[in-house]
Amino acid sequence: RWERARSLGFGEGTSVYHNAYIYGDVSVGQQTWIGPYTMLEGSGGLHIGDHCSISAGVHIYTHDTVKWAVSGGKAKYEYAPVQIGNCCYIGSQTVIAKGVTIGDHSVIGSCSFVNRDIPPYTIAVGSPCRPIGQVELDGDDVRLVYAK
């Protein structure tokens, strides 16, 4: 897995499962884990930071064909970059749509559909994804604080 990450030009210590599908303009930082059965589609530009976990089955798209399809092929495909900050956790089976930025130290719950930006230090879940709490860091102490 580490050899594959190196061959893709990803950061030191990053690992990518053999059955992860990666194409287009994709960059990944250091010490990031890309799990099995993931899709990293970078035709519009995709950057994933350092120390992230991209869990099994996550799909990240930087384009869509919605307007192309509903216009009978008259409209063009739409492209927009996706940015995932440092120290983020993306739960399994999550889908991230084009144009989204996820801030540093954020947690995205499993099976979420992320179609809008998520601020740094945010816990967000659901379809559509919405904030439900905050990540608090104090030295080596990490607390996940959920809204009441």
Is any side-chain heavy atom of [Y] closer than 4.5 Å to one of [X]?
| X | Y | result |
| --- | --- | --- |
| His18 | Arg1 | no |
| Ser110 | Gln93 | no |
| Pro36 | Asn19 | yes |
| Val114 | Thr94 | yes |
| Pro120 | His105 | no |

Looking only at non-hydrogen atoms, find the nearest pair between [X] and [Y] and report the distance.
| X | Y | result |
| --- | --- | --- |
| Trp2 | Ser15 | NE1-CB, 3.5 Å |
| Ala20 | Gly35 | CB-O, 4.0 Å |
| Ser55 | Ser92 | CB-N, 3.3 Å |
| Asp64 | Lys98 | OD2-CE, 3.0 Å |
| His47 | Ser27 | ND1-OG, 2.6 Å |
| Cys88 | Gly103 | SG-O, 3.1 Å |

Report yes or no: do [X] and [Y] belong to one cluster of Ile/Leu/Val/Met/Phe/Trp/Tyr joined by side chain heavy-atom distances under 4.5 Å?
| X | Y | answer |
| --- | --- | --- |
| Tyr17 | Leu40 | no |
| Val142 | Tyr89 | yes |
| Val100 | Ile60 | yes |
| Tyr37 | Phe113 | no |
| Tyr146 | Ile108 | no |

### Task
Would you please test Ile102 and Thr122 for side-chain contact (heavy atoms from CB on, under 4.5 Å) and show each step?
CA-CA 9 Å; Ile102 297 174; Thr122 298; over 6 Å; no
### Message
Would Ile118 and Ser106 count as a side-chain contact (heavy atoms from CB on, under 4.5 Å) here? Give the steps.
### Response
CA-CA 8 Å; Ile118 303 298; Ser106 290; 4.2 Å; yes
With distance as the sole test, does [X] use its side chain to make a donor-acceptor pair with the main-chain N or O of [Y] at under 3.5 Å?
| X | Y | result |
| --- | --- | --- |
| Thr38 | Ala56 | no |
| Asn86 | Asp50 | yes |
| Thr14 | Arg6 | no |
| Ser71 | Ala75 | yes |

Solution key, residues 125-141 side-chain donor-acceptor pairs under 3.5 Å, sequence neighbours excluded:
from, atom 1, to, atom 2, distance (Å)
Arg130, NH1, Val125, O, 3.1
Glu136, OE1, Arg143, NE, 3.3
Glu136, OE1, Arg143, NH2, 2.3

### Nearest-0.5 Å distance that lies between atom CD in Gln31 and atom SG in Cys87
11.0 Å
### Task
Measure the CZ-CD1 distance between Arg4 and Ile34 for me, rounded to the nearest 0.5 Å.
10.0 Å
### Task
Using the side-chain contact (heavy atoms from CB on, under 4.5 Å) rule, take Ile22 and Phe10 through it: C-alpha gap first, then chi angles, then the decisive distance, then the call.
CA-CA 12 Å; Ile22 300 166; Phe10 294 171; 4.1 Å; yes
### Query
Is Trp68 atom CH2 crowded by more than 12 heavy atoms from other residues, nucleotides or ligands, each under 6.0 Å away?
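Check fails, neighbour count at 12 or below.
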#### Entry: Derivation of the side-chain contact (heavy atoms from CB on, under 4.5 Å) call for Ile48 and Ile54
CA-CA 9 Å; Ile48 299 170; Ile54 309 299; 4.2 Å; yes
### Task
Would you please classify the geometry between the His63 ring and the Tyr77 ring as parallel, tilted or perpendicular, with 30° and 60° separating the classes?
parallel
### Message
If we count only N and O atoms by modelled type, under 3.5 Å, do the side chains of Thr62 and Glu41 hold a donor and an acceptor together?
### Response
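Yes, because at least one side-chain N or O of Thr62 sits under 3.5 Å from a partner of the opposite role on Glu41.
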